[in-house]
Number of protein chains: 2
Amino acid sequence: MGKVLAMPFEGSIENLAATTAPQDVSLEDAATFDVLRKMREDILCCVLKPDQKLRFGELRQRYGTSVGTLREALSHLVSEGLARTEAGRGFQVAPISLADFLDLSELRVYLETRTLADAIRHGTDAWEAEIVSSYFLLNKLAPPRQDDPVSVKREWGKRHKRFHDSLVATCRSPWSLHFRSELFDQARRYHWLTMIHARSRRRNEHLDLRDAVLARNVDLACGLIEKHIRTTVQQAASEVPGLTLDMAKRKKA
Amino acid sequence: MGKVLAMPFEGSIENLAATTAPQDVSLEDAATFDVLRKMREDILCCVLKPDQKLRFGELRQRYGTSVGTLREALSHLVSEGLARTEAGRGFQVAPISLADFLDLSELRVYLETRTLADAIRHGTDAWEAEIVSSYFLLNKLAPPRQDDPVSVKREWGKRHKRFHDSLVATCRSPWSLHFRSELFDQARRYHWLTMIHARSRRRNEHLDLRDAVLARNVDLACGLIEKHIRTTVQQAASEVPGLTLDMAKRKKA
DNA sequence: TGTAAACGGATTTTCGAAACTTTTATAAAT
DNA sequence: ATTTATAAAAGTTTCGAAAATCCGTTTACA
């Protein structure tokens, strides 16, 4: 505006938008993002298994696209922590371990409670409506079991995520929401295994959560979600075969 | 081991590595990652300015590489929150705003203190040595001023990051470290502007921090880093021209 | 028999051009 | 003068093939 002393970049500093947190790529509609979405879903549902090698030949056939496009999608998955790559030897699905699940769950407790508390304090009518609606849709589908077809599993996963997203939607911290979402997706992979092997059935924690949130009871809601997360970890540790703590070293070169 | 009831993926669940948190792409050495590293550095140092349109033609010339490679690198930057894209209309550098800086700084306070506290509690001799060494290197260079050549600015930025990374290196939570690192980079863009426009000079906070950490004084060290972050935000808000709170709406279609 | 070099197939990485979309410019019509 | 239509230009997205790299196997040599 007025004469500003010489700037590192002239004028452009005034062209500022409000939010900088990473884009939610799921909202894009180009072909590249289609592939990305599909691959992400396949990893989260363990259709593509942990540690599995991702060869371009197979992927090209599976997703019907070119190498370049695949590469871009894989590149995205790497920065989300769902895949890994080593220069010259391609990509593979990110590994899983109990240690990892414990680590990410601890951080999740903080981010979920932080975003939920803020969301409740700034909730609107539209926010409440979306919670009611997304809970209704989630509740209509029974939690999937091992032998359900993949399409059912995917649909439940989608509704489950939508419900949890709706709870925190009015949180005003884009960065917190972004990291929360990333960790939520990570947890889905473990959640998945847990549900499939679960011996014990859990009561409807989503209903309790919904009511606590709609009642604007911050402490209760945060307590519920914290317990929800911690319980899942413990259940996974005790009921998922093969998921133990000391599984670090394997195949050394 | 023993017969496990039919698994969602057979056998592979046992092939588990310890860590799943996203890879630090900076460690790769392929050509793609070279370009990514350079572009990231250019954005962080505001050589590529906020909101600037990133046209493939120019970039190809600047970094001497092909469209496909660029696309992959840009894709990465988008998921790191350093660039944005809209299907069909290319990429641009992520915008900045005071609101964003405030938001990410709040989260940074939590992640920096969390990782630092854990790192101090599990520090080793090698950890202390690296802190001493990286501080020495940082201290040798005076903080850059506006008219310093870009190479000097870059070198200082590199040493600054190395010092802060060294402090938290022994933290055992890969996910916390990962998010901390991402936010640290984000903050660098604002830190940059602040340093350049700074009217007031600040005392050597890095030295205090180093000593508190080496003395294994968790509370003091965390307090220092918290103040360090908060002070920078306030300084930016008051001394960087054009960086005000209500700058959201601009150019509407 | 053991080690190292060399070969061949499989796979990844890089590239530039073709296809497509958005933007800009120009002209006609209201 | 403003809008609508049309055409050219600029820029982005997608693709498949060429170049480079990796990995397992064979061959050569001590």
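Protein chains get the first letters and strands the later ones, always in sequence-line order, with residue 1 at the start of each.
A salt bridge does not link A:Glu41 with A:Lys158: every distance from a Lys NZ or Arg NE/NH1/NH2 to an Asp or Glu carboxylate oxygen is 4.0 Å or more. By the 4.0 Å N-to-carboxylate-O rule, B:Asp42 lies close enough to B:Arg62 to be salt-bridged with it. Between A:Arg37 and A:Asp34, at least one side-chain nitrogen of the basic residue sits less than 4.0 Å from a carboxylate oxygen of the acidic one, meeting the salt-bridge criterion. Here B:Arg89 pairs with B:Glu86 in a salt bridge; the nearest charged N to carboxylate O distance falls below 4.0 Å.
For A:His160 and A:Phe184, the distance between ring centers is under 6.0 angstrom.
Scanning for salt bridge (charged side-chain N to carboxylate O under 4.0 Å, His left out) contacts around A:Arg60 gives an empty result, with sequence neighbours left out. For B:Lys161, the salt bridge (charged side-chain N to carboxylate O under 4.0 Å, His left out) partners at least two apart in sequence or on another chain are B:Asp165, B:Asp185. Applying the salt bridge (charged side-chain N to carboxylate O under 4.0 Å, His left out) criterion to B:Glu182, with sequence neighbours excluded, gives no partner residue.
A donor-acceptor distance shorter than 3.5 angstrom exists from the side chain of B:Trp127 to the backbone of B:Ser166, with no hydrogens or angles considered.
Cation-pi check for B:Arg159 over B:Phe163 is not met; the charged atom does not lie both under 6.0 angstrom from the ring centroid and within 45 degrees of its normal.
Taking five base pairs at each end of the helix from C:dT1-D:dA30 to C:dT30-D:dA1 and finding the rotation axis that steps the C1' atoms of four pairs onto the next four gives two axes whose angle is 10°, to the nearest 10°.
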Practice task
Could you run through nucleotides 9-14 of chain D and give me one letter per nucleotide, 5' to 3': B if any protein heavy atom sits under 4.0 Å from the base, S if only the sugar-phosphate is that close, - if neither?
Solution key: --SSBB
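You can see that DNA chain C meets the heavy atoms of chain A within a 4.0 Å-exclusive cut from C:dT11 to C:dT14, reading 5' to 3'.
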